[in-house]
Amino acid sequence: MTWDLSVFYTGFDDPALRADIEAIKTAVSGAEAMLAVEESAKDKLEKFIDLEETVTKLLGSAFAYAQLTLEADNANEEALRVVDELSQLMVDVKLMNSRLTRYVGSVDNLEDVIASSEKLSANAFVLREDAKAAAHMLPAEMEKWLLKMSLNGGDAFSKLRDRLMGGHMVDYRGESLPLPAVRGLAYDADASVRKDAYEAELASYAKVETSMAYCLGAIKGEAHTMCELKDYPDPLTQTLDESRMDHETLDAMWTAIREALPDFRRYLRKKAELLGHKNGLPFYDLFAPMGESSRTYTAEEARELLVSTFTRISPDMGAFIDQAFENRWIDMYPRQGKSGGAFCWGSHDKKISRILTNFTGSFSDVCTLAHELGHAWHNRCMEQKPLLLADPPMPLAETASIFNETLLMNEVRKHADAATAFTLLESSLQDATQTIVDIYSRFLFESAVFEARKTHMPTAAELNQMMLDAQMQSYGEGLDPDVRHPGMWLCKSHYYSTGLHFYNFPYAFGHLFGLGVFARYLEEGAAFLPRYNALLASCGADTIPNVAASVGIDVRDPDYWRSALSVIRKDIEAFVNA
């Protein structure tokens with residue numbers, strides 16, 4: 001159950017890999033000369049689209065092969081060298097993109113030029129977004145040097161984080177285990193295993209927390225500098241702008257979520273009561289399985305469940321999932337040197353995806369597979385769009401994954417006996433609590449880090465306290481105040497991305513938006529699926545409010561978010577009164 005990367009290259013000595021890297025250099029070096037040629041704006045913009053598509057395809061293959069190799073084996077020296085080389089090359093790619101973006105911003109009659117060309121009309125949204133982005137470019141005379149400095153700043157600290165945590169081992173009951181394997185024990189049916197794993201995880205962070213604090217502080221400090229240079233008031237505004245979202249939408253969502261927090265806390269205190277706790281739920285029991293059904297799954301059983309479930313809904317989806325397993329799209333199991341968590345990587349050019357999970361057999365792990373296969377289905381739907389329109393913003397990128405999780409849970413619960421249905425109900429509430437309550441805590445934490453970073457480099461002790469404060473604001477009395485998780489900032493890779501700050505609220509958005517889309521499916525049945533697939537295809541080709549409006553959702557209205565949360569509230573009532 002490891003993935004096949006030979007679809008990209010046969011190895012790091014494959015001449016095709018070197019040829020693609022050299023082709024990127026050639027294409028990038030010709031951009032300035034292309035813009036200097038005296039010709040019409042139409043001709044230049046058409047060449048600009050061709051150039052961006054070419055570089056995107058080549059980079060996609062080279063980066064995919066090197067980065068995916070590294071995700072599966074963080075000590076692979078060949079992969080590290082190629083990733084470093086491509087990171088250096090990305091400076092030139094970004095400079096090329098900036099030149100092109102500045103040119104688009106300088107075209108006075110852009111709409112008329114777009115209308116004069118079939119190619120430009122097909123890529124109109126990209127060009128309009130570039131025209132807006134031209135107002136937030138780094139100063140041209142400084143950009144090259146700032147990007148090069150970033151390689152030894154934020155980018156270097158991000159890579160250091162990956163090395164530190166990719167090889168991080170935890171001493172658990174006399175064994176040395178990879179961090180993802182120990183974190184996976186949070187789902188174990190044995191309470192003593194969960195508690196010991198939690199304590200072992202927290203104890204292990206003492207080895208790396210000072211280094212990790214510097215990584216996080218350096219990355220967030222650089223983000224402040226870049227925001228100021230790009231004329232954004234703060235990193236959140238920049239993230240929203242780049243996500244094609246607005247503060248009005250985010251505020252509407254957080255308003256409804258804050259109103260719903262007491263309901264989630266009732267669920268957590270009820271779970272604590274059922275597990276014999278008197279002061280709220282200790283963090284290590286957040287994922288404790290409930291009920292008599294504690295079934296685990298083999299990889300083959302997970303595959304059979306997913307294929308059969310989705311085939312009943314859509315034969316195309318079922319066949320697609322079967323193909324993903326058959327063609328080795330998935331690297332499933334945890335091991336030393338492999339990245340934790342889960343993700344999906346898509347290749348528009350090759351019409352494939354690659355999925356990483358750390359499967360240990362829980363039903364939650366099966367849901368994670370469904371989630372990542374939802375991303376892969378999203379990639380498949382976007383194949384019908386031009387390459388430059390196949391990159392959805394973060395909040396919409398979770399639409400298909402949440403739809404898949406919700407559909408799987410809905411179908412399995414429908415056919416389950418009473419004991420299993422209770423277990424699945426609680427599992428569903430676990431997931432919702434993570435994507436709503438825990439994500440809110442992560443948003444609060446990252447906001448606090450950015451605020452602190454305005455004046456100083458936060459220490460590990462400060463970051464631990466910020467995390468505890470954020471958990472208190474979000475989980476409240478639902479968690480035992482003496483048994484929270486101060487080290488959650490160390491194990492979540494999203495905090496350390498130099499280009500994806502605040503990669504937390506998109507999960508809450510995606511969960512609730514996915515529920516809204518799923519509600520439309522329940523209302524309309526199979527007749528909705530063509531509209532659903534069209535929605536997925538359009539995610540990279542319009543703003544978030546417009547994409548949502550295509551299925552009748554107003555994301556700027558708090559009432560929409562309240563209606564989505566009401567679905568979860570019904571499940572909470574069922575659990576509390578069971």
Side-chain angles (χ1 to χ4, degrees), residues 232-265 267 371 374 378 392-403 405-406 428-448 450 470-471 473-476 478 492 494-495 500-520 535-536 538-539 542-572:
Y232 283 108
D234 52 68
L236 178 58
T237 300
Q238 179 180 349
T239 296
L240 288 169
D241 191 48
E242 292 173 350
S243 299
R244 303 165 199 161
M245 192 168 155
D246 51 39
H247 280 281
E248 185 180 0
T249 298
L250 184 64
D251 291 344
M253 183 183 76
W254 286 143
T255 294
I257 285 175
R258 282 191 291 268
E259 292 172 359
L261 290 177
D263 294 303
F264 285 96
R265 292 167 185 170
Y267 150 67
H371 180 107
H378 200 163
M394 291 188 296
L396 292 179
E398 296 301 320
T399 304
S401 55
I402 296 300
F403 183 94
E405 278 195 68
T406 308
S428 177
L429 289 173
Q430 274 186 40
D431 292 341
T433 300
Q434 285 301 292
T435 52
I436 306 299
V437 183
D438 199 70
I439 286 298
Y440 184 49
S441 76
R442 297 186 211 179
F443 176 81
L444 293 172
F445 168 78
E446 192 162 359
S447 299
F450 270 121
Q471 288 171 0
Q473 290 181 66
S474 57
Y475 285 96
K492 296 298 180 184
H494 291 156
Y495 294 127
L500 291 174
H501 301 289
F502 287 102
Y503 200 175
N504 35 60
F505 72 79
Y507 284 96
F509 183 105
H511 189 100
L512 296 175
F513 186 67
L515 283 179
V517 172
F518 187 72
R520 299 295 190 274
L535 165 75
L536 296 181
S538 71
C539 281
D542 212 333
T543 64
I544 285 177
N546 288 345
V547 171
S550 72
V551 289
I553 292 173
D554 180 1
V555 292
R556 294 187 177 114
D557 185 352
D559 283 342
Y560 163 70
W561 303 104
R562 293 180 181 116
S563 68
L565 284 157
S566 70
V567 176
I568 303 172
R569 186 175 291 111
K570 289 177 184 176
D571 282 348
I572 292 173

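- Inspection of the Gln430 and Thr433 side chains reveals no N or O donor paired with an N or O acceptor under 3.5 Å.
- For the atom pair CD (Glu398) and CG (Leu512), the distance works out to 12.0 Å, reported to the nearest 0.5 Å.
- Residue pairs meeting the ring pair (Phe, Tyr, Trp, His ring centres under 6.0 Å) criterion with at least one member in residues 237-263, sequence neighbours excluded: Trp254-Tyr440, Trp254-Phe443.
- A donor-acceptor pair shorter than 3.5 Å cannot be found between the side chains of Asp431 and Ser428.
- Looking only at distances, a side-chain donor or acceptor of His378 sits under 3.5 Å from a matching main-chain atom of Leu536.
- Without hydrogens or angle criteria, Arg442 side chain to Phe502 main chain gives no donor-acceptor distance under 3.5 Å.
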Check step by step if side chain to side chain contact (heavy atoms under 4.5 Å, CB included) holds for Tyr475 and Val437. CA-CA 6 Å; Tyr475 285 96; Val437 183; 3.8 Å; yes
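- Applying the side-chain hydrogen bond (donor to acceptor under 3.5 Å, both in side chains) criterion to Asp241, with sequence neighbours excluded, gives Tyr232.
- In this structure, Thr406 contributes its side chain and Leu515 its backbone to no donor-acceptor pair below 3.5 Å.
- Counting heavy atoms from C-beta outward, Leu236 and Phe505 have side chains that approach closer than 4.5 Å.
- Nearest heavy atoms, Pro393 versus Cys539: CD-O, 3.1 Å.
- A distance-only check finds a donor-acceptor pair linking the side chain of Arg520 to the backbone of Val551 [under 3.5 Å].
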Derivation and outcome, side chain to side chain contact (heavy atoms under 4.5 Å, CB included), residues Phe264 and Ile572: CA-CA 7 Å; Phe264 285 96; Ile572 292 173; 4.3 Å; yes
Working for ring-ring contact (aromatic ring centres under 6.0 Å, His included), residues Phe513 and Phe509: CA-CA 6 Å; Phe513 186 67; Phe509 183 105; 5.6 Å; yes
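- Residue pairs meeting the salt bridge (Lys or Arg N to Asp or Glu O under 4.0 Å) criterion with at least one partner in residues 507-516, sequence neighbours excluded, are absent.
- In summary, of the residues considered (Phe450, Phe445, Tyr503), a ring-ring contact (aromatic ring centres under 6.0 Å, His included) with Tyr495 occurs for Phe445 alone.
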